[in-house]
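Along the sequence shown, the residues carry numbers beginning at 1. Order of appearance sets the numbers: ligands from 1, and atoms from 1 within every ligand.
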Amino acid sequence: MAKDMRTFIDQVVRDRPGEILVVDEEVDPKFGITGIASKLASQNRFPAVLCRKVRGSRLPVIINLTASYERLALALGTTMASMVPDYANRPSAKIPPKIVERSKAAVKEIILKGNEARMSVLPVPTHNEFDAGPYITGDTLICKDPDSGALNVGMYRIQVQKEQQLGVWMWDTHHGAHIRRKYEELGREMEVAIAIGHHPAYVMAAVSTLPGIGGELEEAGALLGEPLEVVPAETVDLPVPARAEIVIEGKIPPGERAFEGPFAEWPGTYVAEGDKPFINVTAITMRRDAIYYDVFSSNREHTVLGSLPRMGVIYRTIKQYVPGVKNVNIPSHGRMYCYISIKKETEMDVKRAAMAALNVEPFNLKTVVVVDDDIDVFNDAEVLWAIGTRCYMERDLTLLPRLAGPGGLNPVGYEFHPDGTKTPVMISALIVDATKPAPPIPYPPRARVPQEVLDRIDLDKMLKEFKGFER
Ligand code: MN
């Protein structure tokens, strides 16, 4: 069977038992669903939560399905330690999508058009206290470049403004915004299709920063390891994923704006409210028993899901300049940090690796830490230890003020966007060189028990619980 959100849920149940929890009592889509996930987060727990009964809709909601790197690694058929190099290497083999018959497309089981295509059918959650209202956060928006015909897919924040109107914010440098500006110049409506609920590999492909416009559907195939099944939309000239849970179709009128926001973004703060383009909804199609997929915006799920594709692209880019790159982590507590481990061959490697990362993600990363290849970048304590023991603070910190490129969403970004939205466009960044000095400068070996002794110890065999002294 082709992969989709349901096959992934089955896989999590099988391979990571206990990581999907169910709520049977009715919950309010306004803060109720995120409230549960938020309380779990305060206990440092990030299981997926399936809310079976959501007030006002007959559809269940799943939140946090993609809130852990362990589950994203599982979705790619790999482990956390090797998911980044795996991600970086796999999409070199692009796999184009496959068109399937309409009668075989699960997403066409229910088709609502015209006046029937109303947003109140869907249980769209309101996530945080000062959000302007319900936001679709687990979406992938498909559109077509009017010049090349290339299909582009991206994930954007989408506000439910009216029964048939959705506010959409695409940041200036995103391909979706580039395409939208072209339609606006042509004075033409821009057709869009928004898919909600699919295999995480497809969702991550939509987030990937790819060279040029389009290619996400092919990257999805590469990450899935099989072609993505697509089917034509009902009211717009676009293909949509046949195995999605829900698809919303619509058109963005040129030159028109509606007030969008505020909305809590991944740094954990509200940002960028203002006049934005909007979508007029023309159709909603879905599975008969559709599950609404929600990403907990501004919380760990937002950071984690948004970060693995970025880590993969950063790794791929660093590799061009520093062949000794070993691993990259954007730690789950914030997309503004990046840890890079390298086998340092020359002193230049450190800055070249850090600059490559900042070039990929100038508006997300603020602190880039480069460590040696004996440091586990997925262990914060090891990275902090490296900063503490391998960094000459007076010469190994490099501050980059007024970093070229947009400041984006960070609350300490500065200089606001000329479009009048409260969006900072500048940011400053820090490179921390926490690598050992290169030989011949001496550096003591790291303290550890000899490896051959560790290899001989089988903890499960040797250790038993102490039951107290026998008297
Ligand atoms: Mn793109």
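Both tests pass for Arg300 against the ring of Phe46: distance under 6.0 Å to the centre and angle within 45° of the axis.
Judged as a side chain to side chain donor-acceptor pair (under 3.5 Å), and not counting sequence neighbours, the contacts of Asp147 are Lys182.
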Counting only pairs under 3.5 Å, give me each side-chain donor-acceptor contact of residues 133-142, with atom names and distances, residues two or more places apart or in other chains.
residue	atom	partner	partner atom	Å
Tyr135	OH	Gln159	OE1	3.3
Tyr135	OH	Glu260	OE2	2.7
Tyr135	OH	Gly261	N	3.1
Thr137	OG1	Asp294	OD1	2.9
Thr137	OG1	Val295	N	3.1
Thr137	OG1	Val295	O	2.7
Asp139	OD2	Tyr156	N	3.2
Thr140	OG1	Ala195	O	3.4
Thr140	OG1	Tyr202	OH	2.7

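For the 3.5 Å distance criterion, the side chains of Ser120 and Glu163 qualify, holding a donor opposite an acceptor. Between the side chains of Glu301 and Thr66, at least one donor N or O lies within less than 3.5 Å of an accepting N or O.
Sorted by first and then second residue, the pairs that involve residues 356-368 and meet salt bridge (Lys or Arg N to Asp or Glu O under 4.0 Å), not counting sequence neighbours, are Arg310-Glu361.
Protein nitrogen, oxygen and sulfur atoms, that is N, O or S, within less than 2.8 Å of the Mn ion (ligand 1) amount to 3.
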